[in-house]
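Report on the structure given below.
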Protein chains: 2
Amino acid sequence: MKSTKYNVPVEATLEVIGGKWKVVILCLLKEGDKRFSELQRAMPVVTKKMLSQQLRELEKDGIINRTVYDEIPPKVEYSLTEEGESLREILNLMCAWGDKRLGNDPDCSGT
Amino acid sequence: MKSTKYNVPVEATLEVIGGKWKVVILCLLKEGDKRFSELQRAMPVVTKKMLSQQLRELEKDGIINRTVYDEIPPKVEYSLTEEGESLREILNLMCAWGDKRLGNDPDCSGT
DNA sequence: CAGAATCCTATTCGATACTG
DNA sequence: CAGTATCGAATAGGATTCTG
């Protein structure tokens, strides 16, 4: 079955991780689970609206898990699903490529 | 030197290949040099304007070469530069990931 | 063939305010 | 803390026309 939706198969990949901030989010999550506020701090130029939008889409597409802890104050943690883990190699390479282009050590944490 | 432009280094990668159709173009070019019209045929939903815009940006960023043959009718060929070649592994993985998600054989040619 | 230029609409996105 | 809702400005992107 060739999908009629895409002309080039890689479009299926882009539909999932092509969002403006999705790869950045995933690169952060591949280093470990993160709370909403942690992601915000790591990406100060991204508004809450944008961030939650991208997170919701990633969740819908089965790439990340959203875990709500029933506490006060609220706590929500995001993590990679298995499907998300299957992107790890791609994410690592993309991070390394960016580092190299910036002339940095191959460290993608951004911290 | 930590770049002040990005908070997470992978953003440098996205600045180069994050454009809406850039990865698709690169996935086509990694299979061999292509003329403008060949790219158009391979991506029918993309307008000429969009296509040439993305091509120009990729050229400006040193990812692809634009070779003009002085013929009538005009002929222009696009190919990966060495910098573009350094993306090959990422492109291959992204293609394979999309194929897998579509349930296809790992063939990214789209033909 | 391989675009560039123009016009115009649809979508994105930021700023701000509000909620459980 | 972790969001949602609303509104307006900016931008992206399609359709069309023109050119060497």
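Everything numeric in this text was worked out from a predicted model, so none of it was measured. A note on names: the letters A, B, ... follow the listed sequences, proteins ahead of strands, and every chain is numbered from 1.
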Looking only at the side chain of A:Lys75 (C-beta and beyond, no hydrogens), which of the listed nucleotides D:dA2, C:dA2, D:dG3 gets closest?
D:dA2
Distance check needed: D:dG3 P versus A:Phe36 CZ, whole Å only.
5 Å
Taking atom C1' of C:dC1 as reference, at what distance in whole Å does atom CZ of B:Arg41 sit?
11 Å
Protein-to-nucleotide contact annotation, 5' to 3' order, nucleotides 14-19 of chain C [B base; S sugar-phosphate only; - none; under 4.0 Å, heavy atom]:
BB----
What nucleotide, of D:dT4, C:dA4, C:dA2, holds the atom closest to the side chain of B:Ser52?
C:dA4
For a quick check of understanding: with a heavy-atom distance under 4.0 Å over all strands, which category does B:Tyr69 fall into, base, sugar-phosphate or nothing?
nothing
So does A:Glu71 have more than 12 non-hydrogen atoms from other groups sitting under 6.0 Å from CD?
yes
In whole angstroms, how far is the P atom of C:dC1 from the CD atom of B:Glu38?
11 Å
Gap between atoms CE and P, on B:Met43 and C:dA2 respectively (whole Å):
15 Å
Are A:Phe36 and A:Leu55 packed together at the side-chain level, in the sense that at least one heavy-atom pair is separated by less than 4.5 angstrom?
yes
If you assign A:Gln53 and A:Pro74 each to the DNA chain C nucleotide with the nearest heavy atom, which residue ends up on the more 5' nucleotide?
A:Gln53
Got a donor-acceptor contact below 3.5 angstrom from the B:Glu11 side chain to the B:Val8 backbone?
yes
Name the nucleic acid region contacted by A:Pro73, choosing base, sugar-phosphate or nothing; use a 4.0 angstrom heavy-atom cut-off, strictly under.
sugar-phosphate
Which whole-number value in Å describes the distance from B:Ile25 CD1 to C:dA2 P?
14 Å
Under 4.0 Å between a side-chain N or O of A:Arg66 and OP1 or OP2 of D:dG3?
yes
Atom CD of B:Glu77 and atom P of C:dC1 are separated, to the nearest Å, by 14 Å
Whole-Å distance separating the CG atom of B:Asp70 from the P atom of C:dG3:
14 Å
Please report the shortest heavy-atom distance between B:Thr81 and B:Gly62, naming the atom on each side.
OG1-O, 2.5 Å
Under 4.0 Å between a side-chain N/O of A:Arg56 and OP1 or OP2 of D:dG3, yes or no?
no
Whether B:Gln54 side chain and B:Trp21 backbone form a donor-acceptor pair below 3.5 Å
yes
Between B:Glu83 and A:Arg101, does at least one N-O distance fall below 4.0 Å, as a salt bridge requires?
yes
Distance in angstrom units between A:Gln54 CD and C:dT12 P, rounded:
11 Å
Taking only the side-chain nitrogens and oxygens of B:Arg35, find out if one of them lies under 4.0 Å from OP1 or OP2 of C:dA2.
yes
Taking the basic N atoms (NZ, or NE/NH1/NH2) and the acidic carboxylate oxygens, is any pair closer than 4.0 Å for B:Glu85 and B:Arg88?
yes
